[in-house]
Structures are given as structure tokens and as C-alpha cells.
Amino acid sequence: MNEKLSAFTEPFVALKNRVFAGLYFGESISLLGDAFTWVGLALLSYQFDKERSAVILATALTLRVAAFIVFSPFAGVLADRVSRKTILYTTHFARMAIVACLPFVNHEWQIYVLVFLLNFFNAFFTPTYRSVIPQVVDHEHYRQAVGLLTATFQILGVLGPGLAGILAVWFGARQIFFIDAVSFVIAAILILMLPASKMQKNVKQKQKPLTAWHDVIKGIKLLFKNPIIRFALFIEFVSAIAGAQILVNTVGHIKSSLHLDDRHYGWVMAAFGIGASIAAFAAGSLDKTKTRRLSLIVGALVLAITISITNFVGYPVMLILWLCAGLGQSLAEMPSETLIGENIADNEQGKVYGSHFAFSHLWWAIAYPIAGYTGSHFPGKDFLLGGVISGTVLLIALFFNNSAAKAHG
């Protein structure tokens with residue numbers, strides 16, 4: 001019993017590290033604020049045009065992913081060249097200013113411009129933040145730290161929108177953007193209080209200046225050159241295909257196929273988030289192998305199987321399936337970040353995290369249209385087809401990984 005309990009409490013050990021604790025609480029506050037912004041954008045889109053609100057939101061999401069894909073590789077390069085602390089607090093203040101403009105928009109195009117700018121700075125913040133964690137956390141606690149970050153992300157993803165919805169009723173749809181703006185300020189202050197030297201540890205200035213493109217290409221090569229990281233990245237593609245089906249088609253399945261209401265949709269998505277949170281807390285303790293191969297394969301397999309049978313079960317079973325799908329997604333996606341921290345040299349991690357961030361979002365950019373196509377053209381079989389595609393990609397990834405292992409063996 002104590003061993004099982006320790007699997008969930010072990011991630012909190014990383015908070016004994018003062019620098020990590022400051023980064024963690026700053027990012028948690030910021031993530032909660034992000035939930036307010038996306039709920040506010042959904043409500044704002046509905047205010048602009050009830051009929052086109054889904055199109056406005058979809059366009060905003062596409063711009064978000066596009067900003068990540070284009071700019072995050074360069075952000076990773078910057079993280080290996082300049083002060084990471086400066087990047088972290090500067091991007092927080094920039095995002096605060098952008099979010100504070102959202103309550104005043106009165107044209108659709110203004111939403112698109114502000115969302116793109118917001119995620120331009122997100123693209124620079126996230127790879128830098130990820131590259132800092134292995135610098136400030138001891139190697140023995142690194143997996144636990146990543147597990148805590150991932151679990152917190154999932155929990156806030158479940159609780160944040162609900163809290164945002166309540167405050168939107170009290171304060172109004174436009175006013176809740178100011179809450180996110182304040183969260184960025186608090187997070188930036190927490191970062192300013194931390195020592196810059198800890199975040200820049202083992203990252204040396206380059207003796208010979210290199211072009212940004214040279215470093216971007218190097219980051220991509222390092223990402224795909226390592227067979228362990230490459231396999232984890234392809235498993236993330238499986239996770240994206242299945243995850244996009246869940247995010248895009250669940251609401252249609254609940255309301256059109258099962259003839260249920262928004263409350264049932266909220267519960268089933270909460271089950272997904274709870275499953276992801278549980279796995280995020282426990283994954284670092286359950287799979288301590290160098291490759292995390294077991295975690296990756298089990299996670300991808302669970303995702304593919306659970307969505308494959310969803311079209312043929314009732315709502316109570318779907319709750320259990322979505323809980324399992326959440327477990328699978330965390331098991332499939334979490335290892336990549338720790339594998340980069342453990343297998344890439346300290347002074348190269350920024351550019352590799354940047355490349356990873358771009359490619360992981362490229363997978364979602366591919367997966368969203370697939371989910372949209374299956375949902376619109378094959379209602380009643382959308383999840384089955386998504387599961388078949390996910391399983392096929394998993395088999396391809398396993399085939400190439402085994403072939404590469406034999407070639408090197």
C-alpha cells in the first residue's frame with residue numbers, strides 16, 4: 001500500500017528544489033490563466049457570430065499551431081544562445097500585454113492577430129522552459145519533476161475551464177481576460193526572483209558564431225538521430241491522431257449519437273483529464289527504464305484500443321474508456337521530454353526541445369483534419385476509423401524501430 005501511495009507522492013519531492021518550485025508555481029498560475037483566455041475566446045467568438053463561432057475558434061487554433069511549428073525551432077536555438085531567464089520573463093510580460101488587449105476587440109481579424117501574437121511568444125517560452133527544467137532539477141528527481149508538471153497541466157485543463165466559466169458569469173466574457181493578464185504578471189515576478197545562473201548551468205557561449213538556420217537544422221538532426229527519442233516522437237504521432245479524435249468528435253458523439261447533453265460531455269472529458277493526471281503522477285515511478293519503451297507502447301496501444309470500440313458502447317462504459325484513454329495519452333506523451341533531457345547534451349537541449357515542440361504540434365496539425373474528416377463523413381464509425389489509423393501508425397513505428405535496432409545490433 002505504501003509503495004502504491006509513494007508512486008503518487010514521489011513527484012512532489014522535486015518541489016524541495018527552490019528554483020524548480022518557483023518555475024513550477026509560476027507556470028501553474030500561468031496555465032490556469034490560459035484556461036480563462038480560451039474560455040473567453042469561445043464566448044467572444046459566439047458574441048461575434050453564433051453561426052460561425054466554431055469556424056472562428058478553429059481558425060484561432062490553426063493559427064496557434066502554425067505559430068508553434070514555424071517559430072519554436074528558432075526559440076530553441078535562442079535558448080542555447082542567450083539568457084533563458086530573460087526569455088522566460090520577457091515572454092510573460094509580452095503575453096500579458098497581448099491578453100490585456102483582448103477585452104477591447106470589436107472585429108474578427110483582431111482576434112486572429114492577437115491569438116497569433118500570443119502564441120508567437122508561447123512558441124519562444126515553452127521550449128526554453130522545458131530546456132531549463134533539466135538544468136535546475138537533480139537527475140534523480142528529473143522524471144518526477146516532469147511528471148508533476150504534466151499532471152498539473154492535465155488537472156488545470158479539467159478544473160480551469162469550469163472555474164473560468166463561473167467567473168465569466170460573474171464578471172463577463174471580456175473581463176476574464178484580465179485575470180489571465182494578472183496571472184502572467186505573477187508568474188513573471190516569480191521568475192524574476194530566481195537566479196539566472198541556475199537556469200544557464202552547463203550552457204556555454206559558442207566560440208564560433210552559427211546561423212540560426214544552421215542551429216535549427218542541427219536541432220532537427222539531433223532529434224531524429226537518437227533512436228530512443230525518434231521512437232518516442234513517432235509514438236506522439238499515434239497519440240495525436242487518437243487525441244484529436246477525442247477532442248474533435250466527442251461532443252458530436254455525445255449529443256448526436258447518444259442524445260445526451262452538455263453536462264454528460266463535461267463529465268466524459270473530465271474523466272479523460274483525470275486519467276491523464278493519474279498516469280502523469282505515476283508514470284515516472286512505474287517505468288524507470290532508459291528507453292521508456294514499455295510506457296510508450298502501452299500508452300499508444302491503450303489509446304488505439306479504447307477509441308476503436310467507443311462507437312459501440314453506452315455512456316457509462318464510455319466514461320471508463322475515456323479514463324483509460326487519458327491514462328494512455330500521458331503514458332504515450334510524457335517520456336519524450338525526459339528522454340531529451342537524459343540523452344541530449346546540456347548545451348544542445350534548447351534547440352532539440354524547440355524542434356520537438358514544432359514536430360509534436362505538426363502531428364496535431366495533421367491529426368485535426370483527419371478527425372474532422374472522419375467525424376463529418378463517417379458519423380457512427382469515426383472513433384473506429386481513428387483507432388484503426390492510430391493502430392496502423394503504431395505498427396509502422398514498431399516496425400521501423402525494430403529494423404533500426406537490428407541494424408545497430
- Q245 and I370: CA distance, side-chain angles, deciding distance, side-chain contact (heavy atoms from CB on, under 4.5 Å) verdict: CA-CA 8 Å; Q245 293 286 337; I370 293 173; 4.2 Å; yes

Counting only pairs under 3.5 Å, give me each side-chain donor-acceptor contact of residues 71-78, with atom names and distances, residues two or more places apart or in other chains.
residue : atom : partner : partner atom : Å
S72     : OG   : F68     : O            : 2.4
S72     : OG   : G354    : O            : 3.4
S72     : OG   : A358    : N            : 3.3

Under the rule for side chain to side chain contact (heavy atoms under 4.5 Å, CB included), what residues qualify as partners of [X], not counting sequence neighbours?
{"X": "A325", "value": "I246, F272, L303, T306"}
{"X": "Q175", "value": "F171"}
{"X": "I220", "value": "V216, F224, S355, F359"}
{"X": "H377", "value": "Y373"}

I want to check something: taking the side chain as every heavy atom from C-beta on, are [X] and [Y] in contact at a cut-off of under 4.5 Å?
{"X": "L323", "Y": "L319", "result": "no"}
{"X": "V393", "Y": "W363", "result": "no"}
{"X": "M318", "Y": "H264", "result": "no"}
{"X": "R293", "Y": "I235", "result": "no"}
{"X": "F234", "Y": "I396", "result": "no"}
{"X": "L223", "Y": "K351", "result": "no"}
{"X": "V268", "Y": "Y315", "result": "yes"}
{"X": "L331", "Y": "V302", "result": "no"}

- Under the ring pair (Phe, Tyr, Trp, His ring centres under 6.0 Å) test, which residues partner Y89, sequence neighbours left out?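 By the ring pair (Phe, Tyr, Trp, His ring centres under 6.0 Å) rule, Y89 matches no residue at all.
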
- Those residues that, when tested against H253, pass ring pair (Phe, Tyr, Trp, His ring centres under 6.0 Å) (two or more places apart): F383

Which atom pair, heavy atoms only, marks the closest approach of [X] to [Y]?
{"X": "L394", "Y": "A300", "value": "CD1-CB, 3.9 Å"}
{"X": "G243", "Y": "Q329", "value": "CA-NE2, 3.7 Å"}
{"X": "A304", "Y": "S390", "value": "CB-CB, 4.0 Å"}
{"X": "L362", "Y": "I69", "value": "CA-CD1, 3.7 Å"}
{"X": "V185", "Y": "M96", "value": "CG2-CG, 3.5 Å"}
{"X": "P103", "Y": "F178", "value": "CG-CZ, 3.6 Å"}

Verify, without hydrogens or angle tests, whether [X] (side chain) and [Y] (backbone) share a donor-acceptor contact under 3.5 angstrom.
{"X": "D180", "Y": "F36", "answer": "no"}
{"X": "H361", "Y": "F357", "answer": "yes"}
{"X": "N401", "Y": "A397", "answer": "no"}
{"X": "N17", "Y": "V136", "answer": "yes"}
{"X": "T374", "Y": "A371", "answer": "yes"}
{"X": "T90", "Y": "I87", "answer": "no"}

How far does [atom1] of [X] sit from [atom2] of [Y], to the nearest 0.5 angstrom?
{"X": "C101", "Y": "I111", "atom1": "SG", "atom2": "CD1", "value": "13.0 Å"}
{"X": "I274", "Y": "I278", "atom1": "CD1", "atom2": "CD1", "value": "7.0 Å"}
{"X": "N311", "Y": "D382", "atom1": "CG", "atom2": "CG", "value": "5.0 Å"}
{"X": "L194", "Y": "I189", "atom1": "CG", "atom2": "CD1", "value": "12.0 Å"}
{"X": "N226", "Y": "L233", "atom1": "CG", "atom2": "CG", "value": "11.0 Å"}
{"X": "I29", "Y": "H92", "atom1": "CD1", "atom2": "NE2", "value": "9.0 Å"}

- Task: Using side chain to side chain donor-acceptor pair (under 3.5 Å) as the criterion, list what pairs up with S336, not counting sequence neighbours.
- Result: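 Side chain to side chain donor-acceptor pair (under 3.5 Å) check on S336 returns E236.
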
- Item | With sequence neighbours excluded, residues passing side chain to side chain donor-acceptor pair (under 3.5 Å) with S131 | none

- Residues in salt bridge (Lys or Arg N to Asp or Glu O under 4.0 Å) with R130, at least two apart? E337

Mind listing the side-chain donor-acceptor pairs of residues 19-28 below 3.5 Å, one per line with the distance, residues two or more places apart or on another chain?
residue : atom : partner : partner atom : Å
Y24     : OH   : T152    : OG1          : 2.7
S28     : OG   : Y24     : O            : 2.8

- Message: For R174 and V105: C-alpha separation, side-chain torsions, deciding distance, then whether side-chain contact (heavy atoms from CB on, under 4.5 Å) applies.
- Response: CA-CA 9 Å; R174 291 178 179 264; V105 301; 4.1 Å; yes

Per-pair distances, 0.1 Å, donor-acceptor, side chain in residues 116-124, under 3.5 Å, sequence neighbours excluded:
residue : atom : partner : partner atom : Å
N119    : OD1  : N122    : ND2          : 3.0
N119    : ND2  : V115    : O            : 2.9
N122    : OD1  : R95     : NH1          : 2.3

- Criterion side-chain contact (heavy atoms from CB on, under 4.5 Å) on V132 and Y353, from CA distance to verdict: CA-CA 10 Å; V132 163; Y353 276 114; over 6 Å; no

